[in-house]
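Below you'll find the structure, written out as structure tokens, and then a few comments.
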Number of protein chains: 2
Amino acid sequence: MTDHTTRPIDPRVLRSRAKMIDAATELLAESGPRAVTVDAVSERSGVAKSTLYRHWESREGLLVDVMRSNIPDIQAPDSELTFEQALRAVVVEVTAVMTTPRWRAILPALMMLQQHMPELAEIAHDDHEEKKAILREVVQRGIDAGRLPAGTDEELVARQLIGPVFFTLLTAHPADDAAVDKTVDYVLERFLASYPD
Amino acid sequence: MTDHTTRPIDPRVLRSRAKMIDAATELLAESGPRAVTVDAVSERSGVAKSTLYRHWESREGLLVDVMRSNIPDIQAPDSELTFEQALRAVVVEVTAVMTTPRWRAILPALMMLQQHMPELAEIAHDDHEEKKAILREVVQRGIDAGRLPAGTDEELVARQLIGPVFFTLLTAHPADDAAVDKTVDYVLERFLASYPD
DNA sequence: TCGCTACGATACTGTTTCGTAGCGTTTCCG
DNA sequence: CGGAAACGCTACGAAACAGTATCGTAGCGA
């Protein structure tokens, strides 16, 4: 955690950084990681190459920050919702953010780059933990309401619920959002139906 | 379909081709697609670069064949098995071939390269169709046995059953095969339990 | 054995890429 | 307003890379 509280950050730094990350993100989404070259980012962003190297030690450092800044956040469901509602809300929101055109274009690259960039693997891992924490809270709500057996593993539930969406995203033809919706409905119905009132 | 029936293929061609594809596969699994350069493949395989260009028009052509030759096959389940047994057999086998270290290393690259290499996308798509056909037969068996409702969509079943495994493979820490097994068991139990005898 | 085909070795071209360096200019901030 | 920090521009070096060309050699099959 950098202390951006004590001393305000020079706006020039923020501007340049944002421009470069945006440009790099575009290139990544359009043509994959190979297209994210230092020169291409410099040209598209309008920021000089020398400035890029003032912000990052190497091209890889830039790539890491590009990924970090693009991983979508999700919000914890409203605490007044019932278990069923909360579960639906979480799955629907995760699906929604994953279905973003930009994320659909970036996700495969993240999956691949992870393998050979430990820093990226760590970022992805931390993100999963964050999201699992949200789901864990929902599962706990289900247990408290007697709708789920005590000791239900939120990780297994996550795989059960998100796995099919993930699979659809990476295998179905792009722009086949109907497939994704169908998957979500089906999975939720089946999951909830198996624990009848 | 090439006619390798009329005239036998020169063994030298087969040898060179196999060597190059093996070397390229290794490089791909070790260090990703960027490492699969023409020079690197030539060096590791011991086959001259000029020979590589006698076999493929470009580096991309080689990459396509590398993927094609690495996509694992699965077998249709024995026709004497019950629906339950057949379903288990299919899921277990798909999981087994996907869990291969080599395939785990290659799969993310395929997911990514697909986006910008239509030929690869087609290969992957055809492979899915092949595997879905096997599952469709099993689902039909389930319908005939009255264990599944008529009109069950094998595609949704596939997403339901394979999705979680797929998700686990791409997100869980590598070498966490226990996670995969747990996923398979859990998914199968839940799926079958929801259609009681 | 003989011809044809595939192969090996090497060199070479042209391009792309990462990363560095120097120097003048703009922009922020106290 | 003035110093400091960030930036733009350009040129450059070195390596990696795709793909081509040439020529001599080895292996296959009839």
Side-chain angles (χ1 to χ4, degrees), chain A residues 2-24 26-28 30-67 109 113 116-117 119-120, chain B residues 2-24 26-28 30-67 109 113 116-117 119-120:
Chain A
T2 56
D3 61 346
H4 51 76
T5 53
T6 56
R7 133 167 59 96
I9 301 179
D10 193 320
R12 291 172 292 179
V13 173
L14 294 176
R15 243 198 333 263
S16 304
R17 187 190 147 92
K19 277 187 192 171
M20 287 188 279
I21 288 196
D22 285 353
E26 282 178 27
L27 288 165
L28 177 63
E30 286 169 13
S31 316
R34 273 196 85 159
V36 186
T37 68
V38 177
D39 292 290
V41 171
S42 169
E43 192 182 357
R44 180 170 300 205
S45 66
V47 175
K49 195 161 71 156
S50 42
T51 301
L52 193 149
Y53 280 102
R54 286 181 191 115
H55 285 244
W56 292 280
E57 278 187 355
S58 69
R59 169 185 174 273
E60 286 220 340
L62 166 63
L63 262 183
V64 169
D65 275 349
V66 167
M67 286 301 183
L113 294 177
H116 307 287
M117 295 175 62
E119 209 175 339
L120 270 190
Chain B
T2 57
D3 61 346
H4 50 77
T5 52
T6 56
R7 140 166 50 98
I9 301 177
D10 191 322
R12 289 173 294 179
V13 172
L14 295 177
R15 243 201 331 263
S16 304
R17 189 188 145 92
K19 277 188 192 170
M20 288 187 279
I21 287 196
D22 285 353
E26 282 179 25
L27 288 165
L28 177 64
E30 285 169 14
S31 317
R34 272 196 88 164
V36 186
T37 69
V38 176
D39 290 295
V41 171
S42 168
E43 192 183 355
R44 180 169 299 205
S45 64
V47 175
K49 193 160 75 155
S50 43
T51 301
L52 193 151
Y53 280 101
R54 287 180 190 115
H55 285 244
W56 292 281
E57 277 188 354
S58 68
R59 168 183 173 275
E60 286 220 340
L62 166 63
L63 262 183
V64 170
D65 275 350
V66 166
M67 287 299 184
L113 295 176
H116 306 288
M117 294 175 63
E119 208 175 339
L120 269 190

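Only this structure's heavy atoms are used, side chains among them; waters, hydrogens and symmetry mates stay out. Nothing here was measured: the structure is a model prediction, and the numbers come from that model.
- Across the protein-nucleic acid pair, B/Asp10 atom CG and D/dG29 atom C1' stand 9 Å apart, rounded to whole Å.
- You'll find a donor-acceptor pair under 3.5 Å spanning the side chain of B/Arg12 and the base of C/dT5, going by distance alone.
- What you find for B/Ala23 and B/Val41 is that their closest heavy atoms are CB-O, 4.1 Å.
- For the contact set between residues 51-58 of chain A and DNA chain D, defined by any heavy atom under 4.0 Å, the members are A/Thr51, A/Arg54, A/His55.
- From A/Met67, atom CE reaches atom CG of A/Leu62 across 10.5 Å, with rounding to the nearest 0.5 Å.
- B/Ser42 has its side chain out of reach of B/Val47: every pair of non-hydrogen atoms, C-beta onward, lies at least 4.5 Å apart.
- Across all strands shown, A/Arg15 has heavy atoms under 4.0 Å from sugar-phosphate atoms exclusively, and none from any base.
- With contacts defined as side-chain heavy-atom distances shorter than 4.5 Å, the pair B/Val38/B/Tyr53 qualifies.
- For A/Ala48, the listed nucleotide lying nearest its side chain is D/dG8; candidates were D/dG8, D/dC17, D/dC7.
- Annotation: the terminal axes of the helix from C/dT1-D/dA30 to C/dG30-D/dC1 meet at 40°, where each axis is the rotation carrying the C1' atoms of four end pairs onto the next four (5 pairs per end, rounded to 10°).
- Taken to the nearest 0.5 Å, the CD atom of B/Glu60 stands 7.0 Å off from the CG atom of B/Leu63.
- Salt bridge present: B/Arg17 and B/Asp65 bring a charged side-chain N and a carboxylate O closer than 4.0 Å.
- The backbone N or O of A/Val36 lies less than 3.5 Å from a partner atom in the side chain of A/Arg59, making a donor-acceptor pair.
- Counting only heavy atoms from C-beta on, B/Thr37 has its side chain closest to D/dA18 among D/dA18, D/dG8, D/dA6.
- A straight line from CG of A/Leu62 to P of C/dC18 spans 10 Å, rounded to a whole angstrom.
- To the nearest angstrom, P of D/dG29 lies 11 Å from CD1 of B/Ile9.
- Not a single donor-acceptor contact under 3.5 angstrom links the side-chain atoms of B/Lys49 to the base of C/dG8.
- Rounded to a whole Å, the CG atom of A/Asp39 is 16 Å from the P atom of D/dC12.
- Other residues, nucleotides and ligands place no more than 12 heavy atoms under 6.0 Å from the CD atom of A/Glu43.
- When rounded to the nearest whole Å, the span between CG of B/Leu14 and P of D/dG29 equals 10 Å.
- Between the NE2 atom in B/His116 and the OG atom in A/Ser31 there is a gap of 6.0 Å [rounded to 0.5 Å].
- Neither OP1 nor OP2 of D/dG8 sits under 4.0 Å from any side-chain N or O of A/Ser50.
- Rounded to whole angstrom, the span from the NZ atom of B/Lys19 across to the C1' atom of C/dG8 amounts to 11 Å.
- For A/Arg59 and D/dA16, the CZ to P distance is 16 Å, given to the nearest whole Å.
- Protein atom CZ of A/Arg34 is 15 Å distant from nucleotide atom P of D/dA16, rounded to whole Å.
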